[in-house]
Every structure is written in C-alpha cells, then in structure tokens.
Amino acid sequence: MSLSALVGLGSLAVLAVLTVLFLAALLSGADGGEDAVDEEAVDDSLHLHGVHGC
C-alpha cells in the first residue's frame, strides 16, 4: 500500500473520530443557554485586552 493511501486512510479515520465526538456533544444535551455566559467575566476579559466601549 502506498504512502499516500495510508495518509488518506488516516485522515478519514481522524475525520470519523471528530464527527463522532461532535455528534456525541450535540446529543449529550449540553445547554448553551444564557445561564452558561457570565457577562461580567466577558466584559472584564475584553477590557483586559484593550477592547473598550462594548
């Protein structure tokens, strides 16, 4: 088997693993609602990095 075929099969395997992990994260019921965001922490972080007026 050639080197390019092995690289292609390896990249397909990595793509399959990432797809399965993505679907598992979607199906796990992870809540991305408003409660997950701490607005004050976001503002502090933006201010720390020089972003003002947001």
Side-chain angles (χ1 to χ4, degrees):
M1 191 176 276
S2 68
L3 181 62
S4 61
L6 290 175
V7 170
L9 288 175
S11 63
L12 285 177
V14 168
L15 180 63
V17 167
L18 290 176
T19 302
V20 167
L21 289 174
F22 175 73
L23 291 175
L26 283 179
L27 296 176
S28 71
D31 186 20
E34 293 294 324
D35 296 335
V37 177
D38 183 9
E39 293 292 332
E40 186 176 344
V42 171
D43 290 339
D44 291 343
S45 177
L46 289 173
H47 183 73
L48 179 68
H49 289 89
V51 179
H52 304 285
C54 289

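Just so you know, residue 1 is the first one in the sequence shown, and it goes up from there. Basis for what follows: all heavy atoms, side chains included, without hydrogens, waters or symmetry-related copies. Not measured: the values here are computed from a predicted model.
Panel note: side chain S45, backbone V42; no donor-acceptor pair is recorded below 3.5 Å.
Residues T19 and L23 meet the side-chain proximity criterion, which asks for heavy atoms closer than 4.5 Å.
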> Can you list the steps and then say if D44 with L48 is a side chain to side chain contact (heavy atoms under 4.5 Å, CB included)?
Replying inline: CA-CA 6 Å; D44 291 343; L48 179 68; over 6 Å; no
Mind listing the side-chain donor-acceptor pairs of residues 7-14 below 3.5 Å, one per line with the distance, residues two or more places apart or on another chain?
unit_1: S11; atom_1: OG; unit_2: V7; atom_2: O; d: 3.3
unit_1: S11; atom_1: OG; unit_2: G8; atom_2: O; d: 2.8

